[in-house]
**Student:** 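Please read through the structure below; I'll follow up with questions.
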Amino acid sequence: MKTIFNLLAFVLIPLLAKGQSQDLTTDVFSNVSNLSYTTYNAENQITSETFYRVTSSFNTLTGKKIMLLADVKPLEDPSHSTYNYLEQDSQCMTLGIKNILPGYMFDAYSNMQLNIESGTFEIPVDFYPGQHLPDAQLTISLRVVPIVHTLEYTLKNRHFTKREVLNTSAGTFECFVVESITHITPQSDEDGRLKQWIAPGIGLVKQMHYTKNGEMTGLTLLTGINTSETNSGFVQN
């Protein structure tokens, strides 16, 4: 049985728009009690399912913070459930969830605990097609007790390409599409390509990773909002 993927990443998505920029100002998780993501490999096989449940919501000095309890299937031990969060203020939305890494990693490291130790994705306040964003880097630990390996996951040449309406089983979302070049060391010397669809008030809706030759290696998709675990595709072992 595959182990839980315990990983955490932080996505920084500014929300304040002006002039000709796109407006991301939306009440974070308005009327949302839970949501779920499904990850697929290149053969369109499900490699993981993650169910996030809102456990608390409170005001901060600058905005609002949502705490999420994440359960991942396949799941060997319910005690491996972890807390994630989503935070929003007048300047940005910070999204910390388990589903930011490329989908193929859920399959390639299914026998390990994956943890994203640090790293941020920063997107400027003003969005316009062709806008280039700063590089981002994540430090990932791969743990099989007592051994721990470390990977560096870098996103280069990040840029906002367009707005796009995306239909999923969770609903219809108007998204901002961000593309980047990925590089993972010491796993591989080859670059890949990442495409992300991000919706105001929700965060990540879809993510696809490709090799440098354009072959899809993994897909992450928002597949449920305000559904039960059973209805959103989870099967108890």
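Since the structure is predicted, the reported quantities are computational estimates derived from the model, not experimental observations.
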**Student:** Please report the closest heavy-atom contact between S36 and L222, naming both atoms and the distance.
**Tutor:**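 That closest heavy-atom pairing would be O-CD1, 3.3 Å.
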**Student:** Apply the side chain to side chain contact (heavy atoms under 4.5 Å, CB included) test between K195 and each candidate in V177, V178, T161; give the one that qualifies.
**Tutor:**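 Exactly one option meets the side chain to side chain contact (heavy atoms under 4.5 Å, CB included) with K195, and it is V177.
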**Student:** For a 4.5 angstrom cut-off between non-hydrogen side-chain atoms, does K206 reach T168?
**Tutor:**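 No, too far: nothing below the 4.5 Å cut-off.
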**Student:** Does L101 reach the side chain of L138, with side-chain heavy atoms less than 4.5 Å apart?
**Tutor:**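 Contact flag for L101/L138 side chains = yes.
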**Student:** Restricting to non-hydrogen atoms, name the atom on S180 and the atom on R158 that form the minimum distance, rounded to 0.1 Å.
**Tutor:**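 In this case the closest contact between S180 and R158 is CB-CG, 3.2 Å.
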**Student:** For a quick test of reading the model, state the closest non-hydrogen atom pair linking G224 to A170 and the distance between them.
**Tutor:**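 Closest heavy-atom pair between G224 and A170: N-CB, 3.5 Å.
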**Student:** Contact between E152 and T139 at the side-chain level, heavy atoms closer than 4.5 Å - yes or no?
**Tutor:**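 A side-chain contact under 4.5 Å exists here.
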**Student:** Measure across T182 and R193 and return the closest heavy-atom pair with its distance rounded to 0.1 Å.
**Tutor:**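 Shortest heavy-atom separation between T182 and R193 comes out as OG1-N, 3.8 Å.
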**Student:** Of all heavy-atom pairs between K64 and S57, which one has the smallest distance, and what is that distance?
**Tutor:**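 Minimum heavy-atom separation between K64 and S57: CE-OG, 3.2 Å.
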**Student:** Is the closest side-chain heavy-atom distance between E215 and T217 below 4.5 Å?
**Tutor:**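 No - every pair of side-chain heavy atoms lies 4.5 Å or more apart.
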**Student:** Is it possible for you to say whether F160 and V165 belong to one hydrophobic cluster, with membership spreading through side-chain heavy-atom contacts below 4.5 Å?
**Tutor:**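 Different clusters.
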**Student:** Would you say that I225 contacts F173 through its side chain, given a criterion of any heavy-atom pair below 4.5 Å between the two side chains?
**Tutor:**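 Yes. Closest side-chain heavy atoms under 4.5 Å.
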**Student:** Taking C-beta and beyond as the side chain, do L68 and I66 meet within less than 4.5 Å on heavy atoms?
**Tutor:**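 Yes, at least one pair of side-chain atoms sits under 4.5 Å.
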**Student:** Where do N157 and D135 come nearest, in terms of heavy atoms and distance?
**Tutor:**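 Here N157 and D135 meet closest at N-OD1, 3.3 Å.
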**Student:** Between N226 (side chain only) and S33 (backbone N and O only), is there a donor and an acceptor less than 3.5 Å apart?
**Tutor:**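 Yes: the side chain of N226 pairs with the backbone of S33.
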**Student:** Using 0.5 Å steps for rounding, measure from the CD atom of Q196 to the NE2 atom of H209.
**Tutor:**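 Q196 CD to H209 NE2: 10.5 Å, rounded to 0.5 Å.
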**Student:** Is there a path of hydrophobic side-chain contacts, each under 4.5 Å between heavy atoms, that joins L151 and I181?
**Tutor:**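 No, it is not one cluster - the side chains of L151 and I181 are not joined through contacts under 4.5 Å.
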**Student:** Drop me the distance from L155's CG to D191's CG, to the nearest 0.5 angstrom.
**Tutor:**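 The CG atom of D191 is 10.5 Å from CG of L155, to the nearest 0.5 Å.
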**Student:** Is it the case that the side chain of T223 and the backbone of S169 share a donor-acceptor pair, with hydrogens and angles ignored and the cut-off at 3.5 Å?
**Tutor:**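 It does not hold such a pair.
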**Student:** Going from OG1 on T39 to CG on L219, what distance comes out if it is rounded to the nearest 0.5 angstrom?
**Tutor:**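 T39 OG1 to L219 CG: 7.5 Å, rounded to 0.5 Å.
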**Student:** At what distance, to the nearest 0.5 angstrom, does CD1 of I140 lie from NE2 of H149?
**Tutor:**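 Between I140 CD1 and H149 NE2, I get 14.0 Å after rounding to 0.5 Å.
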**Student:** Could you state the interatomic distance from CD (Q207) to CD1 (I198), rounded to the nearest 0.5 Å?
**Tutor:**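 Q207 atom CD to I198 atom CD1 measures 9.0 Å (nearest 0.5 Å).
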**Student:** Would a distance-only check, ignoring hydrogens and angles, find a side-chain to backbone donor-acceptor pair under 3.5 Å from R53 to N34?
**Tutor:**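 No.
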**Student:** Within the supplied structure, the quantity of interest is the number of heavy atoms (other residues, nucleotides, ligands) at a distance under 6.0 Å from K156 NZ; does it exceed 12?
**Tutor:**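 Result for NZ/K156: enclosed.
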**Student:** Rounded to the nearest 0.5 Å, what separation is found between the OG1 atom of T220 and the CE atom of M105?
**Tutor:**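 Reported to 0.5 Å precision, the distance equals 11.5 Å.
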